[in-house]
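Bear in mind the structure is a predicted one, so any value in this text is a computation, not a measurement. Both ligands and their constituent atoms are indexed starting at 1 by order of listing.
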Amino acid sequence: MNPNEQKLTYPWGDALPEFGATMSVADGVRWVRMPLPFALDHINLWLLRDELDGRQGWTVIDCGVARDEVKALWEQIFENSLDGLPVLRVIATHMHPDHLGLAHWICERFEAPLWITMTEYMTGRLWSRPPQDANAAGGISGQSAVEHFARHGLTDPEILGQIRSRRQYYPSLVPDVPAWFHRIMEGDQIDIGGRDWRVIVGYGHSPEHASLYSETLQVLISGDMVLPRISTNVSVFDFEPEANPLPLYLKSLKRYDGLPEDTLVLPSHGRPFKGLHERVAQQHAHHAERLEEVMTTCRVASSAVDIVPVMFKRTLDAHQMTFAIGEALAHLHALYYQGKLTRSVGQDGIVRFTVV
Ligand SMILES: [Zn+2]
């Protein structure tokens, strides 16, 4: 456990639900874990006991990626962990593949609606159907991504080749998205099993991320906006190359300020914890430190790739490298839009940033 993590408390210690089983974490709230095919090897999903239009059942929060092993684990849960009741509704916090991947499959199986914010729905549906044109934008994959990362200093032909060949990355994990959806928005109160869950929208990590807070239970389903061990990824990618997501993310965190100190946080990765305000403060400190480091490095003109080893001290695979460059660029853009850095394009076509 790192020193920051030690300042949080974990009500269940090291206890985890087995894959294919559930663990109760609050009245009517069950924790499900599913494997992921990344370095980040699991995602947490949540089952909320529900009653909708007179029917008893469950609301599923987030779904896991579309892989046969994840479907098989869901089958075990449908069979053994839903008290013989159906899924009535699926709520997706956002469109990233580990959250939205199997939504279409669960919704279709139970004829259940997908509840999600408009921007997450639109982006997920678009990305799950990439254009035939290999040069078209398609998220963190394909030719437009190669050009984006090359423009920001990535020259390793092997990594560029891997990025190019991953054009089908998103649809391979999210092969479909339901053809219709129920829109949720900031401030909505969703009645789930007789309890109100308030939608708290956040930006910077994904287009319009929804967290859910129940005042009665003092439980926050934080999605990827607040995680106990790793910091939330905040990146600039090729489909929005001029984005400035870091201030959006930090501003969004302020929306949790009014929640009680004792709030139980149910994050998408890691363990349920208490210490929300401490963790939010750690995020502000973490990014303030990274911005300082970036300012120091940019005394000499630096590209996003030049910043990566300053921000990330460990060895990165191609997948992690794309997120690391995206995150480095998010910090450079934050300072650039504040007027603290200027940018210029070199003879080699690489964008570099320098302290004003
Ligand atoms: Zn995410």
Check whether NZ of the Lys or CZ of the Arg R129 lies under 6.0 Å from the centre of the six-membered ring of W127 and within 45 degrees of that ring's axis.
-> no
Exercise: do N44 and W31 side chains pair donor with acceptor under 3.5 Å | yes
Any idea how many protein N, O or S atoms are nearer than 2.8 Å to the Zn ion (ligand 1)?
-> 4
What is the distance from atom CZ of F149 to atom CD1 of I163, rounded to the nearest 0.5 Å?
-> 5.0 Å
Cation over ring, R89 on W115, under 6.0 Å and within 45°?
-> yes
Should the pair R343 and F353 be classed as cation-pi, given the thresholds of under 6.0 Å to the six-membered ring centre and 45° from the axis?
-> no
Rounded distance [0.5 Å steps], CD in Q56 versus CD in E51 | 4.5 Å
